[in-house]
**Q** 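If you scroll down you'll find the structure; I have some questions about it.
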Amino acid sequence: MTGKEGASDIPVGELTPLEAASELQALAKEIARHDKAYYQKDAPLISDAEYDALRRRNDAIEAAFPNLVRKDSPSHRLGAAPATGFAKVTHARPMLSLNNAFADDEVVEFVARVRRFLGLAEDQAVALVCEPKIDGLSISLRYERGKFVLGATRGDGTSGEDVTANLKTLNDIPETLKRAPKVLEVRGEVYMTRKDFAALNRSQQAAGEKVFANPRNAAAGSLRQKNPLVTATRPLRFFAYAWGEISEPVADTQWRFLERLRHWGFLTNPLGKLFERVEDCLAAYRDLEARRAKLDYDIDGMVYKVNRLDWQRRLGQVSRAPRWAIAHKFAAEKAMTRLAAIELQVGRTGTLTPVAHLEPVTVGGVVVSRATLHNEDYVVEKDIRVGDTVVVQRAGDVIPQVLEVVKKKRPKGAAPFRFPKTCPCPLKTRVVRKEGEAATRCTGELACPYQQVERLFHFASRDAFDIEGLGEANIQLFFDNSLIKQPADIFKLKTKPQEVTKVVAEWHRLQSAARQAAKGRSETAGAKRKKGEEYKSVGNLFAAIDDRRRIPLNRFIYALGIRQVGEATARLLARVYGTLDAWQGAMKAAAKERAKYPDATRPNEVGEAYAELCNVESIGMSMADDICRFFSESHNIKVIRALEAELTVEGFAAPVSSSAVAGKTVVFTGALEQMTREEAKAMAERLGAKVSGSVSKKTDLVVAGPGAGSKLKDAEKHGVRVIDEAGWLALVGGR
DNA sequence: GAGCCTCGAGTTCC
DNA sequence: CTCGAGGCTC
């Protein structure tokens with residue numbers, strides 16, 4: 001790469017705004033790259049003179065097109081990297097979430113389950129630590145050799161954002177710990193008291209700054225400040241209650257762990273208690289509920305944790321929640337409002353979802369105006385009618401849901417809701433509800449314009465191609481203007497810059513016109529859009545699209561939007577088949593086989609490729625059939641072919657592992673004692689083995705634990721080698 | 001065949 | 001976050 005990349009030779013005076021915008025973008029990227037190389041890696045890629053030329057070119061264009069100056073413009077900073085967002089950090093141990101209980105008997109059942117799992121007698125006590133559940137933000141603090149080195153938000157539980165600098169400004173977070181293990185991660189909740197929250201909002205308002213909706217939002221906003229000096233002025237507090245990675249055990253019970261935390265200088269919640277009987281826990285819960293309003297911080301329930309850590313270890317976790325803890329939530333705040341209308345939305349798979357339009361009402365601190373009604377059964381069962389007064393709450397304090405109808409307030413003549421027979425799309429396609437299924441689907445499939453837009457939106461969405469700037473509104477816009485009809489068209493957009501710019505400009509004009517109409521004539525001048533804005537966003541969009549011309553196979557598969565193939569299954573398929581060509585070939589073959597034997601009820605009766613697909617663990621005939629259906633549609637084959645012309649799809653490198661199981665197909669059966677099935681599977685895959693769910697003649701190895709049944713017999717039948725867990729561990733070289 | 005678990009698909013508001 | 005459904009185990 002040359003240093004000149006990003007700079008063109010066109011004299012500044014002859015640049016069109018569009019060219020200028022895209023060049024500024026390229027320059028920003030290029031200069032940032034050199035800054036990083038120079039300042040962070042101490043390894044400049046180009047000479048100082050070349051670097052200066054880039055900066056001068058940037059400054060000249062900015063001088064000629066002041067409207068196009070970018071937020072991330074190199075002229076806004078002097079060398080040092082800009083503070084654009086926070087670095088992502090992966091947690092050494094995932095930050096788990098908690099299962100919820102809403103009623104007393106669910107808590108009783110929780111304890112019973114713990115007893116059953118551990119094989120304890122009825123009369124054996126299960127001591128529980130009870131603590132209020134603080135309504136704040138979970139964070140993780142990493143200490144190495146007693147020094148605070150890294151603080152991160154919870155994020156999705158696996159990885160969060162590095163907010164170390166901001167956390168260092170909190171008084172409640174010690175900078176150093178005495179007599180701490182070499183590595184210690186302390187977890188807890190950052191929160192703001194109600195009093196501090198009110199004071200902060202008063203000063204925000206006085207300064208004409210943003211006012212926060214509630215203490216939690218204020219705490220979150222304060223912690224995500226780019227400038228730690230701002231965070232320092234915010235009254236954030238911290239309660240510690242758990243741990244992540246820890247290099248040596250420091251306690252044998254939850255309760256003593258909390259004591260250790262206090263010795264290190266952390267604050268733990270003063271209302272925490274230790275009980276041996278569930279009844280005491282429930283009494284403490286009711287006591288807490290009664291005191292809730294008087295506390296100076298928001299809480300949303302009580303958390304119960306099994307006290308003994310050896311039991312916690314044995315209980316382990318399911319999915320992302322531990323079996324040894326549960327959150328007993330307070331009843332969610334409810335509100336009544338009128339249901340004005342029921343709209344039908346069409347999802348990308350054609351599912352028709354009824355959505356309630358509500359007269360806006362405040363529930364739990366936010367204004368709610370829409371709520372999902374899920375499906376026909378839900379509406380019928382609750383007998384929800386347009387015009388009804390309904391009770392609304394926010395499930396888990398987030399998603400609004402319609403709980404029930406206040407029948408007494410039903411207006412006369414309100415008719416029962418009739419699920420429509422046709423899709424709301426212009427084609428008015430007939431809809432069907434399959435026997436035994438809850439969903440009603442539009443049969444328009446590929447032709448339905450609503451579904452087409454949804455599929456395109458899915459294609460560009462975060463977990464698929466992740467194209468910034470191509471959200472639902474833009475997709476709709478480009479679709480309506482025939483600029484994008486199928487996924488590959490996205491990558492051809494930049495061959496029609498004028499048309500794209502025109503469409504976007506027109507949209508902006510309509511938007512501001514609508515805004516003006518809504519606001520009256522109060523802001524005639526302010527609503528006028530700066531010249532050049534739309535050019536800028538178009539340039540950004542093209543760059544964002546170009547960024548995705550290389551794409552990992554798993555994302556590619558997911559983006560196609562095959563029914564039942566979500567993120568997890570896409571990853572699995574990518575890993576098993578390795579390359580786009582291999583996968584495509586196999587799927588086409590399977591589809592052909594299936595077309596020949598549409599009535600077969602067992603994979604083997606269909607064909608080899610189909611059976612191999614079904615043999616992948618967690619893929620059964622239902623999923624295989626949906627994949628085959630996708631590949632038997634010539635339109636879909638064309639969509640993929642068109643994409644191939646635009647993209648590089650990165651396969652999964654064949655595992656070049658020298659391990660004894662590389663390339664082998666392994667089946668696990670029966671109970672495993674030293675590791676979970678998930679761990680075993682992950683280990684096998686890491687070592688290059690394929691993990692399958694059933695034994696066939698293609699299986700190389702069966703790992704059988706106690707209680708193995710039919711698969712063991714299958715192994716004998718096919719003459720497959722069988723080993724136990726210890727044998728497996730020996731084979732792959734321990735843990 | 002029941003029960004557990006995971007995944008997919010749909011949704012809200014900031 | 002919730003619901004429904006598919007797949008796996010026993």
**Q** Using only heavy-atom distances, determine whether the side chains of A:Arg154 and A:Ser138 contain a donor-acceptor pair under 3.5 Å.
**A** no

**Q** May I ask you to say what A:Arg323 touches in the nucleic acid, namely base, sugar-phosphate or nothing, with a heavy-atom cut-off under 4.0 Å?
**A** sugar-phosphate

**Q** Taking only side-chain N and O atoms of A:Ser369, does any of them lie within less than 4.0 angstrom of OP1 or OP2 on B:dC13?
**A** yes

**Q** Are the charged groups of A:Asp625 and A:Arg594 less than 4.0 angstrom apart, N to O?
**A** yes

**Q** OP1 or OP2 of B:dA9 versus the side-chain N and O atoms of A:Thr349: is any pair under 4.0 Å?
**A** no

**Q** Is the distance from OP1 or OP2 of B:dG8 to the nearest side-chain N or O of A:Arg563 less than 4.0 Å?
**A** no

**Q** Taking the minimum atom-to-atom distance to the side chain of A:Ala568, which one of B:dG8, C:dG7, B:dC13 wins?
**A** B:dG8

**Q** Is A:Thr569 near enough to B:dG8 that one of its side-chain N or O atoms lies under 4.0 angstrom from OP1 or OP2?
**A** yes

**Q** Has A:Gln345 got a side-chain N or O lying under 4.0 Å from the OP1 or OP2 atom of B:dT11?
**A** yes

**Q** May I have the distance from A:Leu352 (atom CG) to B:dA9 (atom P), rounded to whole angstrom?
**A** 16 Å

**Q** Whether the A:Gln564 and A:Ser622 side chains hold a donor-acceptor pair (N or O, under 3.5 Å, no angle test) is what I'd like checked.
**A** yes

**Q** Without decimals, in angstroms, what is the distance between A:Arg394 CZ and C:dT2 C1'?
**A** 15 Å

**Q** Check the distance between B:dC7's P and A:Tyr558's OH and give it to me in whole angstrom.
**A** 13 Å

**Q** Could you state the atom-to-atom distance from CD1 of A:Ile619 to P of C:dA5 in whole Å?
**A** 20 Å

**Q** Would you mind telling me which of C:dC3, B:dA9, C:dG6 lies closest to the side-chain atoms of A:Arg348?
**A** B:dA9

**Q** Rounded to whole Å, please give me the gap between CG in A:Leu344 and P in B:dG10.
**A** 14 Å

**Q** For A:Asn214 and B:dC13, what is the distance between atoms CG and P respectively, to the nearest whole Å?
**A** 15 Å

**Q** Return the value, rounded to whole Å, for the distance between atom CD of A:Gln401 and atom P of B:dG10.
**A** 19 Å

**Q** Select one nucleotide: of B:dG10, C:dG7, C:dG4, the one nearest the side-chain heavy atoms of A:Thr351.
**A** B:dG10

**Q** Are A:His328 and A:Phe102, when compared by the centres of their aromatic rings, separated by less than 6.0 Å?
**A** no

**Q** Using whole Å, what does the distance between atom C1' of nucleotide B:dA9 and atom OH of A:Tyr450 come to?
**A** 20 Å

**Q** More than 12 foreign heavy atoms under 6.0 Å from CD of A:Gln205: is that the case here?
**A** no

